[in-house]
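Notes for the one structure printed next.
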Amino acid sequence: MEEYKEIMQNKKGKVDVTPIANFFREEVKQQITKNCWKPRVVAFLTSDDQGAIDYSKWTKLACQKDGIEFILKRVERVDLEDLIIEANNDSCVHGILVYYPVFGGMMDSYLQDVVSPTKDIEGLSTQNRFNLYHNIRYMDGEAATKKCVIPCTPLAMVKIIDNLGIYDKSLAMGEHLRGKTVTIINRSEIVGRPLAAMLANDGAIVYSIDINGIIIFQAGKRYGTIKMSETNVTREEAISKSDILILGVPSPNYKVNSDLIQDGTIVINFAGCLNVDESIQEKSILVPTIGKVTIAMLERNLLRLFNNQISNK
């Protein structure tokens with residue numbers, strides 16, 4: 001994007017992702033207006049977590065501006081399963097969003113599979129995760145008419161990296177990030193692991209770090225598979241060799257030592273707090289927040305699900 005040309009040339013500065021979010025939201029809005037569509041999302045919130053409450057408000061505002069009906073329901077967690085099933089069976093509901101954690105652990109994994117894959121706006125069901133990890137692009141196989149959805153936050157970061165001009169489109173599909181090293185400090189099933197797989201599928205070598213250690217993600221020998229391997233590379237070594245560093249530790253006490261980060265590195269932060277000193281922008285490219293693009297990807301996913309559903313009628 002032209003907005004980032006100077007930052008990318010200088011290889012330092014702070015990136016405001018608003019233009020990226022606006023681009024995708026405008027695409028969504030135009031499709032809705034042109035086709036007179038009325039897509040509807042039902043979102044379930046079971047906690048008093050202020051972060052989730054704020055995010056739901058921002059999402060609702062964005063959806064309303066772009067022609068999407070966003071219904072937020074504050075519910076008791078013990079009632080959530082029945083309410084999800086009710087939304088699954090409601091033909092007027094096109095996307096379902098749940099603000100996790102609800103119970104935590106395996107119970108939340110179970111709830112992710114209660115949501116119908118056809119309305120799974122976050123792409124967290126087993127079927128959608130399987131499709132992502134095997135690079136399956138369509139939900140209906142060879143017919144190739146119903147596109148899969150990808151988790152919103154990982155997809156947002158891929159779109160940010162792409163719009164910063166890092167993807168080399170002169171290379172073959174699956175190799176656009178060939179020669180790039182990425183370190184992700186987060187291996188959650190919702191963000192870190194799917195993001196590692198997506199970037200590996202695009203040709204990068206990805207160091208995936210969590211409290212249990214480091215795993216390397218690379219594209220597998222067979223198309224659509226991911227090779228994971230153990231490594232003796234330390235956390236510090238991985239960070240220092242990275243072209244792209246992605247931070248997602250939900251603690252204000254966690255900070256990466258800026259001295260480890262090489263000049264010109266793209267540093268993307270998706271934690272609710274900044275995992276690096278803001279002065280890093282004086283020598284590297286800092287993307288401090290991505291929430292606006294995440295909401296845009298949620299809207300984009302919804303339109304995919306909406307299209308898939310109306311094609312059945």
Side-chain angles (χ1 to χ4, degrees), residues 1-34 39 41 43 50-70 72 95 97 99 121-123 149-167 169 182 184 186 190-191 195 198-199 244-248 250 264-304:
M1 277 189 165
E2 190 66 29
E3 291 88 341
Y4 308 124
K5 188 174 181 180
E6 183 176 348
I7 291 175
M8 298 308 296
Q9 286 178 342
N10 294 334
K11 297 185 178 181
K12 62 181 180 179
K14 183 191 289 188
V15 171
D16 176 3
V17 299
T18 302
I20 300 172
N22 288 346
F23 172 82
F24 287 106
R25 285 182 57 194
E26 185 60 30
E27 278 192 340
V28 167
K29 188 175 181 178
Q30 287 181 6
Q31 288 185 62
I32 291 172
T33 302
K34 178 182 177 181
V41 179
Q50 193 58 49
I53 293 170
D54 290 342
Y55 183 57
S56 68
K57 289 179 180 177
W58 299 330
T59 305
K60 183 173 183 176
L61 285 171
C63 286
Q64 288 176 333
K65 287 181 180 179
D66 297 335
I68 296 167
E69 184 179 2
F70 184 93
L72 177 65
L97 174 64
Y99 291 97
I121 197 170
E122 298 174 282
V149 296
I150 295 171
C152 303
T153 303
L155 181 58
M157 284 184 272
V158 168
K159 294 300 182 184
I160 290 168
I161 293 168
D162 185 20
N163 278 277
L164 291 178
I166 305 306
Y167 276 69
K169 302 295 179 65
V182 182
I184 304 171
N186 176 293
I190 293 177
V191 183
L195 178 59
M198 292 163 69
L199 296 177
I244 303 171
L245 174 63
I246 299 174
L247 305 172
T265 298
I266 296 173
V267 181
I268 302 175
N269 185 87
F270 71 89
C273 38
L274 194 57
N275 289 158
V276 68
D277 195 277
E278 196 166 6
S279 64
I280 194 66
Q281 65 186 293
E282 296 171 8
K283 71 168 188 174
S284 300
I285 298 166
L286 174 63
V287 184
T289 61
I290 67 162
K292 291 180 179 180
V293 184
T294 299
I295 292 172
M297 294 303 103
L298 184 145
E299 293 187 354
R300 186 172 180 266
N301 278 354
L302 174 65
L303 282 205
R304 284 196 172 186

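Under a 3.5 Å cut-off, the side chain of Asn301 and the backbone N or O of Ile150 do form a donor-acceptor pair. Side-chain atoms of Ser56 come within 3.5 Å of backbone N or O of Ile53 as a donor-acceptor pair. Between the side chain of Asp66 and the backbone N or O of Ile68, no donor-acceptor pair lies under 3.5 Å. Under the 3.5 Å distance criterion, the side-chain polar atoms of Asn269 are matched with a main-chain donor or acceptor of Cys273. For Tyr4 (side chain) and Asp16 (main-chain N/O), a donor-acceptor pair under 3.5 Å exists by modelled atom type.
Exactly one of Leu199, Ile246, Ile184 qualifies for a side chain to side chain contact (heavy atoms under 4.5 Å, CB included) with Met157. That residue is Ile246.
Taken to the nearest 0.5 Å, the CE atom of Met8 stands 3.5 Å off from the CD1 atom of Ile166. The CG atom of Leu274 lies 8.0 Å from the CG atom of Asp277; values are rounded to the nearest 0.5 Å. Separating the SG atom in Cys63 from the CD1 atom in Ile295 is a distance of 8.0 Å, to the nearest 0.5 Å. Interatomic distance, NZ of Lys60 versus OH of Tyr55, reported as 15.5 Å (0.5 Å rounding). Here the CG atom belonging to Leu164 is positioned 15.0 Å from the NZ atom belonging to Lys5, to the nearest 0.5 angstrom. The line from CG of Leu155 to CD of Glu122 is 13.0 Å long, rounded to the nearest 0.5 Å.
Between the side chains of Gln31 and Glu27, no donor N or O sits under 3.5 Å from an acceptor N or O. A donor and an acceptor atom, one from each side chain of Thr18 and Lys292, are located under 3.5 Å apart.
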- Task: Output, in order, the C-alpha distance, side-chain angles, deciding distance and verdict of side-chain contact (heavy atoms from CB on, under 4.5 Å) for Phe270 and Leu247.
- Result: CA-CA 6 Å; Phe270 71 89; Leu247 305 172; over 6 Å; no
- Kindly determine whether Ile266 and Leu245 satisfy side-chain contact (heavy atoms from CB on, under 4.5 Å), including the steps that lead there. CA-CA 6 Å; Ile266 296 173; Leu245 174 63; over 6 Å; no
- Task: Under the side-chain contact (heavy atoms from CB on, under 4.5 Å) rule, what do Ile7 and Lys12 come out as? Steps first, then yes or no, please.
- Result: CA-CA 6 Å; Ile7 291 175; Lys12 62 181 180 179; over 6 Å; no
- Might you work through the side-chain contact (heavy atoms from CB on, under 4.5 Å) test for Ile244 and Thr265, ending with a clear yes or no? CA-CA 6 Å; Ile244 303 171; Thr265 298; 5.8 Å; no
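The shortest distance between side-chain heavy atoms of Glu278 and Gln281 falls below 4.5 Å. Between Val28 and Leu302, every side-chain heavy-atom pair lies at or beyond the 4.5 Å cut-off. Under the 4.5 Å side-chain criterion, counting only non-hydrogen atoms from C-beta, Leu286 is not in contact with Val15. At a threshold of 4.5 Å between non-hydrogen side-chain atoms, the residues Phe70 and Leu61 do not count as touching. Between Thr59 and Leu298 there is a side-chain heavy-atom pair separated by less than 4.5 Å.
Here Glu299 does not pair with Lys29 in a salt bridge; the nearest charged N to carboxylate O distance is not below 4.0 Å.
The environment of CD in Gln50 is crowded: more than 12 heavy-atom neighbours from other residues, nucleotides or ligands sit within 6.0 Å.
Residue Phe24 comes nearest to Ala296 through the heavy atom pair CB-CB, 4.1 Å, listed as atom of the first residue, atom of the second, then distance. Here the closest heavy-atom approach between residue Ile32 and residue Gly67 is recorded as CG2-O, 3.9 Å. Taking all atoms of both residues into account, the shortest heavy-atom contact from Ile190 to Pro154 is O-CG, 3.7 Å. Contact between Ala43 and Tyr99 at its shortest, heavy atoms only, is CB-CE1, 3.8 Å. The shortest non-hydrogen separation linking Ser284 to Gly264 is OG-N, 3.8 Å. Nearest heavy-atom pair across Gly123 and Pro151 is O-CG, 3.7 Å.
Residues satisfying the side-chain contact (heavy atoms from CB on, under 4.5 Å) test with Arg304, not counting sequence neighbours, are Lys147, Val149, Arg300. Looking at residues two or more places apart in sequence or on another chain, you find a salt bridge (Lys or Arg N to Asp or Glu O under 4.0 Å) between Lys169 and Asp162. Taking Glu69 as the reference, Arg40 meet the salt bridge (Lys or Arg N to Asp or Glu O under 4.0 Å) condition, with sequence neighbours excluded.
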